[in-house]
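We count ligands from 1, going down the list as the structure has it; atoms in each ligand are counted the same way.
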Amino acid sequence: MNIKLSGIRGIFKLLNYKGICILCLQRSNSTRDLCQPCESDLPYLHPMQVACQCCGAALAIDTLGANRNAPQLRCGECLKNPPHFEQTIALMEYQHPIDAMIQALKLRHDFHFLNVLCSLLGHYLMEHYQHNPSPDALIAVPLHHSKLATRGFNQSQMMARRLSRHLTIPALDKVCLRQHSGPRQSELSAQQRKRNLVDAFKLTPQGIKSLALYPYVAIIDDVMTTGSTANELAKVLREGGVRRVDVICFARTELAE
Ligand SMILES: [Zn+2]
Ligand SMILES: [Zn+2]
């Protein structure tokens with residue numbers, strides 16, 4: 001795959017032309033701006049990979065043996081400290097080129113990447129929900145207002161709106177506020193992340209009212225790392241009366257028991 005992520009925004013502006021693969025810049029010959037070879041090369045989570053139903057951590061073979069008869073396959077950490085969410089749906093591993101695509105989206109506002117990733121994830125979710133119960137609503141992980149002002153957009157909110165159109169499931173706005181910004185989660189250790197998130201989220205009066213109508217919701221985030229952020233938000237949503245919370249993300253970092 002000949003990936004040319006740097007400067008791609010300028011090239012797209014020059015070309016102003018759809019139908020070009022966002023990764024190799026050849027004609028995509030596809031309904032999305034991604035050619036078939038580049039699409040096949042993406043780091044999808046392997047369908048045969050056995051993962052924790054809850055957090056998505058890869059499970060070792062001996063763990064699989066020990067849990068084979070369990071009603072739900074869960075990793076040791078999720079058995080010991082059950083998260084407030086029920087299930088994680090991630091499409092890919094957070095590695096090249098997904099990491100570069102998401103960074104380009106956040107730092108250079110390359111929405112082509114967001115559109116292509118939402119198209120792939122939306123297609124995957126449509127198939128998934130043909131055989132599984134689907135959530136009543138989607139809720140993006142909120143950004144603190146200072147970060148929103150700096151970046152100009154919340155990528156998770158944009159993702160939720162696009163997935164909402166694919167799935168015809170409402171994306172709820174302004175359900176929850178992020179109360180403090182603090183250091184970036186990506187710069188912290190797992191323990192620091194948990195401390196940084198204490199009381200991070202608060203339901204709005206509008207959120208408290210609307211959650212009563214949606215007993216099953218999915219949190220939308222671009223990348224899941226330790227799951228601490230999703231867990232803290234899920235806790236607040238559960239306290240608001242939601243009975244089941246799932247997490248949907250483009251990619252998760254490599255988690256293994
Ligand atoms: Zn390509
Ligand atoms: Zn787990």
Side-chain angles (χ1 to χ4, degrees), residues 1-9 11-12 15 17-46 49-90 92-101 104-105 110 112-117 119-120 123 190-191 193-194 218-219 221 223-235 238 244-249 251-257:
M1 199 191 318
N2 182 20
I3 298 158
K4 299 166 184 170
L5 292 177
S6 63
I8 197 167
R9 190 174 177 215
I11 293 167
F12 267 107
L15 293 171
Y17 186 72
K18 282 186 79 68
I20 290 178
C21 173
I22 56 167
L23 294 180
C24 70
L25 305 183
Q26 306 296 311
R27 280 192 182 277
S28 69
N29 295 319
S30 161
T31 50
R32 54 177 76 102
D33 295 337
L34 184 69
C35 74
Q36 196 54 51
C38 287
E39 187 175 330
S40 307
D41 274 356
L42 290 174
Y44 295 102
L45 290 167
H46 197 279
Q49 169 70 63
V50 181
C52 170
Q53 297 282 304
C54 186
C55 74
L59 296 180
I61 297 298
D62 56 345
T63 314
L64 168 63
N67 285 282
R68 197 183 286 276
N69 296 320
Q72 274 202 320
L73 218 50
R74 289 197 168 203
C75 71
E77 187 54 34
C78 287
L79 286 170
K80 203 163 61 180
N81 298 306
H84 298 280
F85 54 83
E86 185 82 17
Q87 188 183 23
T88 300
I89 301 178
M92 287 175 252
E93 290 278 4
Y94 187 61
Q95 52 178 247
H96 189 74
I98 299 302
D99 52 356
M101 291 168 82
L105 162 67
D110 268 325
H112 289 97
F113 295 122
L114 182 75
N115 293 338
V116 168
L117 288 171
S119 167
L120 291 168
H123 185 77
Q191 273 311 314
R193 280 169 191 250
K194 282 186 187 159
I219 291 173
D221 204 0
V223 181
M224 179 159 157
T225 309
T226 62
S228 301
T229 303
N231 194 34
E232 197 58 31
L233 179 54
K235 178 175 152 223
R238 296 287 301 272
R244 173 174 171 172
V245 180
D246 288 353
V247 182
I248 294 173
C249 53
R252 65 163 169 71
T253 54
E254 225 166 302
L255 296 169
E257 273 226 292

(message) Suppose the cut-off is 2.8 Å; which protein N/O/S atoms would you list for the Zn ion (ligand 2)?
(response)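 Within the sphere that stays under 2.8 Å of the Zn ion (ligand 2), the protein atoms of type N, O or S are C52 SG, C55 SG, C75 SG, C78 SG.
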(request) For residues L117 and M92, determine if any side-chain heavy atom of one lies less than 4.5 Å from a side-chain heavy atom of the other. (result) yes
(message) In the structure I gave you, are the side-chain heavy atoms of C35 and Q26 within less than 4.5 Å of one another anywhere?
(response) no
(message) Just to confirm my numbers, could you give the angle made at the Zn ion (ligand 1) by SG of C38 and SG of C21, rounded to 10°?
(response) 110°
(message) Does either side chain, that of E77 or that of N81, offer a donor lying less than 3.5 Å from an acceptor on the other one?
(response)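 Looking only at side-chain atoms, N81 and E77 do form a donor-acceptor pair, the distance falling under 3.5 Å.
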(request) Only counting residues at least two apart or in another chain, list the ones meeting side chain to side chain contact (heavy atoms under 4.5 Å, CB included) with N231. (result)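 Side chain to side chain contact (heavy atoms under 4.5 Å, CB included) list for N231, sorted by chain: P83, H84, F85.
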(message) Closer than 3.5 angstrom, by distance alone: can the side chain of D110 be matched with the main-chain N or O of L105 as a donor-acceptor pair?
(response) no
(request) Output yes when a side-chain donor or acceptor of S119 lies under 3.5 Å from a complementary backbone atom of N115, and no otherwise. (result) no
